[in-house]
**Student:** 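My structure is below; once you've seen it, I'll send some questions.
None of these values were measured; they are calculated from a predicted model.
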Amino acid sequence: MNFTNMDIISMKDFSRDMIDHILNVAEELEPVARGEKRSNIFSNVLLSLLFFEPSTRTRMSFESAIIRGGGNVLNLGSLEASSISKGETLADTIRVVEGYADAIVLRHPKEGAARMAAEYSSVPIINAGDGAGQHPTQTLLDLYTIKRESVLDGVKIAIAGDLKYGRTAHSLCYALSLYGAEINLVSPDSLQMPEEIVNDLRGQNINVYQTSVMEEVIEDIDVLYATRIQKERFPDVTEYEKVAASLKITPGLLDKAKIDLKVMHPLPRVNEIDASIDNTNHACYFKQSFYGVPVRMALLSLVMGRLK
Ligand code: NCD
């Protein structure tokens, strides 16, 4: 298996063996990610962060991963202060930045932007979210979280919320299809998972159940993966307002769940999870956001050829 110089664009590009390898390397690197062990795995590595959409966890966990491993980051900073505001194209920005860094982490509002960037770049492109498309590094940390906190093989999961625009949900479904998961998709009717993805899953013999009622699935699942309604992607904000408050996870709902049910969320949450759940054994979302560090450290060390 050779990840050196690989562009990380879509979960569809990964086999189960590749994912398992990344998760194993992440486990080995966890002490470095926690700051308990020193490492120079990224000595001389310069990672460029190009974020054309807001980010807290993805950007900062990439930074944390690189800096803890002895490397450095080069941040585009605010769009207003860069030449993007003068009308520079993404293709031009990429061809400039590839000369400044060893890899580029890109978040962009347009679906397909990362794939396009990879065509222009001689250094690896890592897709940190392309519009409503995919978010593969989030999925790798989600899988790591499920592996560490529950059981990944054959997991019974409900993915809830905005399945139409939610890129984390799209990537996660593709990856879970490699692990024989039983996938329950819970969303308002207007925000269902794109048909193409549901068909791809069924084509892989994955059991997919679609509903708008959380109570129908809550008793049976091991993991509840909540997602935010992606307000910024709604063409019409009144459509957003109609569905914004649906599917809130409350203690009353979790009373019906398995005792070891894990509640995950890529964050940021808005209204999806009642704060009273934060201190229960169900809550997994803050651990999940930490796991972004070892997983991104593992991915970068493989892509940069620092580990095999
Ligand atoms: C997600 C994203 O940007 O897609 N955030 C993240 O990376 N953890 C989820 C979201 O914005 O709702």
Side-chain angles (χ1 to χ4, degrees), residues 1-34 37 39 41-42 45 47 49 57-71 102-107 114-115 118 123-130 133-155 157 167-181 204 223 225 264 266 284 287-308:
M1 226 175 303
N2 188 356
F3 290 86
T4 310
N5 285 328
M6 181 179 165
D7 297 306
I8 308 297
I9 308 294
S10 161
M11 278 325 287
K12 280 188 183 181
D13 304 333
F14 284 80
S15 66
R16 178 173 166 152
D17 279 352
M18 290 164 83
I19 297 172
D20 284 340
H21 186 57
I22 295 166
L23 303 190
N24 288 338
V25 172
E27 207 155 344
E28 281 168 34
L29 291 175
E30 232 193 83
V32 182
R34 289 189 190 282
K37 196 173 147 189
S39 165
I41 197 159
F42 297 129
V45 169
L47 179 70
L49 303 173
R57 280 147 289 273
T58 305
R59 190 169 52 78
M60 293 189 73
S61 62
F62 267 113
E63 290 188 36
S64 174
I66 277 287
I67 294 168
R68 289 232 194 255
D102 304 305
I104 298 173
V105 180
L106 174 69
R107 170 170 288 186
R115 183 80 70 196
V123 301
I125 296 286
I126 298 174
N127 181 7
D130 61 326
Q134 292 233 358
H135 193 347
T137 67
Q138 177 70 41
T139 291
L140 292 168
L141 79 92
D142 293 340
L143 297 173
Y144 187 75
T145 306
I146 299 172
K147 184 179 166 198
R148 294 293 306 269
E149 306 296 328
S150 182
V151 182
L152 183 50
D153 237 313
V155 65
I157 190 168
R167 56 198 176 196
T168 64
H170 301 164
S171 292
L172 184 59
C173 278
Y174 279 117
L176 287 172
S177 73
L178 303 172
Y179 291 88
Q204 305 240 49
V223 173
Y225 187 95
M264 295 171 59
C284 227
K287 263 190 189 166
Q288 182 185 353
S289 65
F290 162 71
Y291 288 144
V293 182
V295 169
R296 291 183 167 118
M297 198 179 260
L299 184 69
L300 288 168
S301 62
L302 292 165
V303 168
M304 305 310 306
R306 297 295 167 105
L307 288 179
K308 286 286 169 218

**Student:** Return each pair, listed once, that meets salt bridge (Lys or Arg N to Asp or Glu O under 4.0 Å) where at least one residue sits in residues 136-154; pairs must be two or more places apart or across chains.
**Tutor:** R16-D153, E27-K147, E30-R148, E149-K287

**Student:** So do I146 and I157 actually touch side chain to side chain, heavy atoms under 4.5 Å?
**Tutor:** yes

**Student:** Is F14 close to T139 at the side-chain level, that is, under 4.5 Å between some pair of heavy atoms?
**Tutor:** no

**Student:** Which heavy atom of M304 sits nearest to which heavy atom of A103, and what is that distance?
**Tutor:** SD-CB, 3.9 Å

**Student:** Measure across R115 and S10 and return the closest heavy-atom pair with its distance rounded to 0.1 Å.
**Tutor:** NH2-CB, 3.9 Å

**Student:** Passes side-chain contact (heavy atoms from CB on, under 4.5 Å), L152 versus L176? Steps please.
**Tutor:** CA-CA 8 Å; L152 183 50; L176 287 172; 4.2 Å; yes

**Student:** What heavy-atom pair brings V223 and S150 nearest, and what distance separates the two atoms?
**Tutor:** CG2-OG, 3.9 Å

**Student:** Under the side chain to side chain donor-acceptor pair (under 3.5 Å) test, which residues partner T145, sequence neighbours left out?
**Tutor:** none

**Student:** Among V295, I22, I19, D20, whose side chain to side chain contact (heavy atoms under 4.5 Å, CB included) with L143 holds?
**Tutor:** I19

**Student:** Using modelled atom types and a 3.5 Å cut-off, is there a donor and acceptor pairing between side-chain atoms of H170 and backbone atoms of Q134?
**Tutor:** no

**Student:** Compare all side-chain heavy atoms of N127 with those of I8 and state whether any distance is below 4.5 angstrom.
**Tutor:** no

**Student:** Give, for atom CZ of R34 and atom OG of S64, the distance between the pair rounded to the nearest 0.5 Å.
**Tutor:** 11.5 Å

**Student:** Rounded to the nearest 0.5 Å, what separation is found between the CE atom of M1 and the NE2 atom of H21?
**Tutor:** 6.0 Å

**Student:** Quick one: which residue pairs count as a side chain to side chain donor-acceptor pair (under 3.5 Å) with a foot in residues 296-308, not counting sequence neighbours?
**Tutor:** T4-K308, S61-R296, T137-R296

**Student:** How close do P266 and T168 get, heavy atom to heavy atom, and via which atoms?
**Tutor:** CG-OG1, 3.7 Å

**Student:** Over 60° means perpendicular and under 30° means parallel, so tell me whether Y144 and Y291 are parallel, tilted or perpendicular.
**Tutor:** perpendicular

**Student:** Side chain to side chain donor-acceptor pair (under 3.5 Å) with R68: which residues, sequence neighbours excluded?
**Tutor:** none

**Student:** As an exercise, state the distance from CZ of F3 to CG of L307, rounded to the nearest 0.5 Å.
**Tutor:** 11.0 Å

**Student:** Could you work out, with side chain to side chain donor-acceptor pair (under 3.5 Å) as the rule, every residue matching E28, not counting sequence neighbours?
**Tutor:** none

**Student:** Measuring only between side-chain heavy atoms, which start at C-beta, is V123 closer than 4.5 Å to D102?
**Tutor:** no

**Student:** Find the distance between CG (N5) and CG (L302) and round it off to the nearest 0.5 Å.
**Tutor:** 12.0 Å

**Student:** Give a yes-or-no answer on whether the side chains of D13 and Y174 include a donor-acceptor pair shorter than 3.5 Å.
**Tutor:** no

**Student:** Can any side-chain N or O of R107 pair as donor or acceptor with the backbone N or O of A128 at less than 3.5 Å?
**Tutor:** yes

**Student:** Could you pull out the closest heavy-atom pair between S171 and P136, with the gap in Å?
**Tutor:** OG-N, 3.8 Å

**Student:** With the side chain counted from C-beta on, respond yes when V32 and I41 share a heavy-atom pair under 4.5 Å apart, and no when they do not.
**Tutor:** no

**Student:** Please give me the minimum heavy-atom distance between M297 and F42, naming the atom from each residue.
**Tutor:** O-CZ, 3.5 Å

**Student:** Return the NZ to CG distance between K12 and L178, rounded to the nearest 0.5 Å.
**Tutor:** 12.5 Å

**Student:** Measure the shortest side-chain to side-chain distance between L300 and F62 over non-hydrogen atoms and say whether it is less than 4.5 angstrom.
**Tutor:** yes

**Student:** Kindly write out the residues that satisfy side chain to side chain donor-acceptor pair (under 3.5 Å) with S177, not counting sequence neighbours, or none if the list is empty.
**Tutor:** Q204

